[in-house]
Amino acid sequence: MTISGDAVEAGRLADRIRETVTACASVARLAEGPVATYLPGRSVQGVAVGEGEVRVAVVAVYGRPLAEVAAEVRRAARSVVPEWRVDVAIEDIEIPGRRK
């Protein structure tokens, strides 16, 4: 696969993981920051796709133990990349009804 082909595949995987993880009830949103997949012309914040591994950074919804949130996010990401290592970082917690 060419470099551009690798970027296209990384982008597809990052998009699929983003969609799956943000559908988790315990996830308010993906975190913005250094964890991202950087692609030509865009980036996927909160999901970093590497070779055989993925890092996911989320903002959790208040109420569940953080270990459970991380396990839910890991399961969601593994539904896309079942054999890959998945590291989860919970960057913040959002309390429903509170304004920032």
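Considering CD1 of I17 and OG1 of T22, their distance stands at 11.5 Å, rounded to 0.5 Å. Note that the OG atom of S26 and the CD1 atom of I93 stand 11.5 Å from one another [nearest 0.5 Å]. For the atom pair CD (E53) and CD (E83), the distance works out to 15.0 Å, reported to the nearest 0.5 Å. The CD atom of E51 lies 14.0 Å from the CZ atom of R85; values are rounded to the nearest 0.5 Å. Note that CH2 of W84 and CZ of R74 are 16.0 Å apart. Values are rounded to the nearest 0.5 Å.
The 12-atom threshold is exceeded at CD of E68, counting heavy atoms of other residues, nucleotides or ligands nearer than 6.0 Å. Heavy atoms from other residues, nucleotides or ligands lying under 6.0 Å from CZ of R55 number 12 at most. Under a cut-off of 6.0 angstrom, the local environment of OH in Y62 is sparse, with at most 12 non-hydrogen atoms contributed by other residues, nucleotides or ligands. Shown here is R42, whose CZ atom has more than 12 heavy atoms of other residues, nucleotides or ligands within 6.0 Å.
When every heavy atom of S43 is checked against every heavy atom of Y38, the shortest pair comes out as CB-CD2, 3.8 Å. Considering every non-hydrogen atom in both V49 and A10, the closest pair reads CG2-O, 4.0 Å. When all heavy atoms of A28 and V61 are compared, the pair lying nearest together is N-CG2, 3.6 Å.
The pair R64-E72 counts as a salt bridge, with a side-chain nitrogen and a carboxylate oxygen less than 4.0 angstrom apart. A salt bridge does not link R12 to D15: none of the charged nitrogens lies less than 4.0 Å from a carboxylate oxygen.
Following chains of ILVMFWY side-chain contacts shorter than 4.5 Å, one cannot reach V35 starting from V58, and the two form parts of different hydrophobic clusters. Using a 4.5 Å cut-off between side-chain heavy atoms of Ile, Leu, Val, Met, Phe, Trp and Tyr, with links allowed through other members, L66 and V21 fall into the same hydrophobic cluster. By the rule that hydrophobic residues join a cluster once side-chain heavy atoms approach within less than 4.5 Å of another member, V88 and V81 end up as members of one cluster.
Using a 4.5 Å heavy-atom cutoff, the side chains of V56 and L30 are in contact.
When the side-chain contact (heavy atoms from CB on, under 4.5 Å) test is applied to P40, the partners found at least two apart in sequence or on another chain are A7. Every residue two or more places apart in sequence or in another chain was checked for a side chain to side chain donor-acceptor pair (under 3.5 Å) with T20, and none qualifies.
R29 places no side-chain N or O within 3.5 Å of a backbone atom of V59 that could act as its donor or acceptor partner. Although no hydrogens or angles enter the test, the distance criterion places a donor-acceptor pair under 3.5 Å between the side chain of T37 and the main chain of V47. At distances below 3.5 Å, not a single donor-acceptor pair connects side-chain atoms of Q45 with backbone N or O atoms of A31.
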Note to self: Quick one, L13 with R16, criterion side-chain contact (heavy atoms from CB on, under 4.5 Å). Give me CA distance, side-chain angles, the key distance, then yes/no.
What the structure shows: CA-CA 5 Å; L13 286 174; R16 287 178 52 208; 4.1 Å; yes
